[in-house]
*Asks:* 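The following block contains the structure, expressed as structure tokens.
Quantities reported herein were computed from a predicted structural model and do not represent experimental measurements. What you see below is based on every heavy atom in this structure, not just the backbone, and it leaves out hydrogens, waters and symmetry mates.
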Amino acid sequence: MVLGRACLLRREEGLLTKEGPREGLGFPFKIKALVEKLNFDLLFSSTTKSEDTFFAVFYAPNKTPKNRIGVSVAKKLINKATKRNKVKRIIKNSFMEGLVCERGVDVVVRVKYQASRTPGDKILIESLTKHWQKIMRCSTTRNRTSG
């Protein structure tokens, strides 16, 4: 895989990010998103993860003060684009409201088969809240031991 010079420079600084906030019509989404394959591969290979029947959440501390998120939803699991986008929206909203860390954290959420078969969104939101709480506990314990 051939990488451009700008991509290599950003890779040396840390994980790659999409420059500037993303903002959609009717949805105030202003957080940094992990968008390149290298970011996902680094987090998938990390040893820190939180898993349940609906989601597998991989996370690692980053060098920036902001939290960043990436979402992975396979077309084989959720065929309809509207349902895939709804699940992504639920994850991103929960991330913006639920995850508050002193230092920046990179998070990748992989959706599992059972998440597409749940009758309501409330169950998914509760599951994600438990994941965010686990991430916040791990990030605060690391801060205390490291200094």
Side-chain angles (χ1 to χ4, degrees), residues 1-4 6-8 10-11 13-143:
M1 180 168 136
V2 179
L3 297 174
C7 185
L8 287 174
R10 285 186 290 164
R11 184 177 182 191
E13 295 172 1
L15 291 178
L16 301 172
T17 61
K18 188 173 189 175
E19 300 300 324
R22 290 175 55 190
E23 190 171 347
L25 295 174
F27 183 68
F29 180 61
K30 295 182 179 181
I31 59 174
K32 295 241 180 183
L34 298 173
V35 292
E36 298 190 20
K37 187 178 184 313
L38 290 173
N39 295 333
F40 283 81
D41 291 341
L42 286 172
L43 287 171
F44 285 146
S45 65
S46 72
T47 58
T48 54
K49 80 175 185 176
S50 174
E51 195 168 1
D52 65 358
T53 57
F54 303 115
F55 303 103
V57 179
F58 302 88
Y59 58 95
N62 62 24
K63 298 177 183 177
T64 65
K66 293 188 178 183
N67 299 327
R68 299 183 288 194
I69 187 169
V71 181
S72 173
V73 183
K75 282 186 181 179
K76 289 182 181 180
L77 297 180
I78 304 175
N79 293 333
K80 302 285 184 184
T82 54
K83 181 71 174 169
R84 273 197 312 274
N85 291 336
K86 183 178 181 181
V87 171
K88 288 181 191 178
R89 200 174 323 115
I90 290 170
I91 293 169
K92 290 174 185 175
N93 280 335
S94 175
F95 179 79
M96 289 188 333
E97 294 171 2
L99 187 66
V100 179
C101 293
E102 295 172 5
R103 293 186 179 181
V105 176
D106 290 331
V107 177
V108 172
V109 180
R110 181 185 288 164
V111 178
K112 292 187 176 181
Y113 177 76
Q114 292 297 325
S116 64
R117 304 295 180 246
T118 56
D121 301 338
K122 197 174 222 181
I123 299 169
L124 297 178
I125 293 170
E126 289 173 1
S127 172
L128 287 166
T129 304
K130 290 177 185 175
H131 289 296
W132 306 148
Q133 290 172 352
K134 181 178 179 181
I135 292 171
M136 287 188 290
R137 276 196 312 265
C138 291
S139 67
T140 56
T141 57
R142 282 195 186 120
N143 290 346

*Asks:* By salt bridge (charged side-chain N to carboxylate O under 4.0 Å, His left out), which residues pair with E126, not counting sequence neighbours?
*Replies:* none

*Asks:* Please identify each residue that fulfils side-chain hydrogen bond (donor to acceptor under 3.5 Å, both in side chains) with T64, with sequence neighbours left out.
*Replies:* N62

*Asks:* For K130, what residues pass the side chain to side chain contact (heavy atoms under 4.5 Å, CB included) criterion, not counting sequence neighbours?
*Replies:* none

*Asks:* Looking only at heavy atoms, which two atoms of A115 and T118 are closest? And how far apart?
*Replies:* O-OG1, 3.2 Å

*Asks:* Enumerate the residue pairs fulfilling ring-ring contact (aromatic ring centres under 6.0 Å, His included) with a member in residues 105-132, sequence neighbours excluded, ordered by first and then second residue.
*Replies:* F95-W132

*Asks:* Which residue pairs pass the salt bridge (Lys or Arg N to Asp or Glu O under 4.0 Å) test with at least one member in residues 38-59, sequence neighbours excluded?
*Replies:* K37-D41, K49-E51, E51-K112

*Asks:* What is the minimum heavy-atom distance between M136 and V100, and which atoms define it?
*Replies:* SD-O, 3.1 Å

*Asks:* Report the residues that fulfil side chain to side chain contact (heavy atoms under 4.5 Å, CB included) with T129, sequence neighbours left out, ordered by chain and then residue number.
*Replies:* I125, Q133

*Asks:* Could you list the donor-acceptor pairs under 3.5 angstrom formed by side chains in residues 69-85, with sequence neighbours left out?
*Replies:*
from : atom 1 : to  : atom 2 : distance (Å)
R84  : NH1    : I78 : O      : 2.9
R84  : NH1    : N79 : O      : 3.0
N85  : ND2    : A81 : O      : 3.3

*Asks:* How close do Q114 and T53 get, heavy atom to heavy atom, and via which atoms?
*Replies:* CB-O, 3.4 Å

*Asks:* Going from CG on D106 to NZ on K63, what distance comes out if it is rounded to the nearest 0.5 angstrom?
*Replies:* 11.0 Å

*Asks:* Could you work out, with ring-ring contact (aromatic ring centres under 6.0 Å, His included) as the rule, every residue matching F58, not counting sequence neighbours?
*Replies:* F44

*Asks:* Of all residues at least two apart in sequence or in a different chain, which pass the salt bridge (charged side-chain N to carboxylate O under 4.0 Å, His left out) check with K86?
*Replies:* D121

*Asks:* Taking all atoms of both residues into account, what is the closest heavy-atom pair of V105 and N67, and its distance?
*Replies:* N-OD1, 3.1 Å

*Asks:* Side-chain contact, heavy-atom cut-off 4.5 Å: L128 with I91?
*Replies:* yes

*Asks:* Which residues pass the salt bridge (charged side-chain N to carboxylate O under 4.0 Å, His left out) test with K66, sequence neighbours left out?
*Replies:* none

*Asks:* Is there side-chain contact between L43 and Y59, with at least one heavy-atom pair below 4.5 Å?
*Replies:* no

*Asks:* Once side-chain hydrogen bond (donor to acceptor under 3.5 Å, both in side chains) is applied, do any residues pair with E97, and if so which ones, sequence neighbours excluded?
*Replies:* none

*Asks:* Check I135 against V107 and note the closest heavy-atom contact, atom names and distance.
*Replies:* CD1-CG2, 4.2 Å

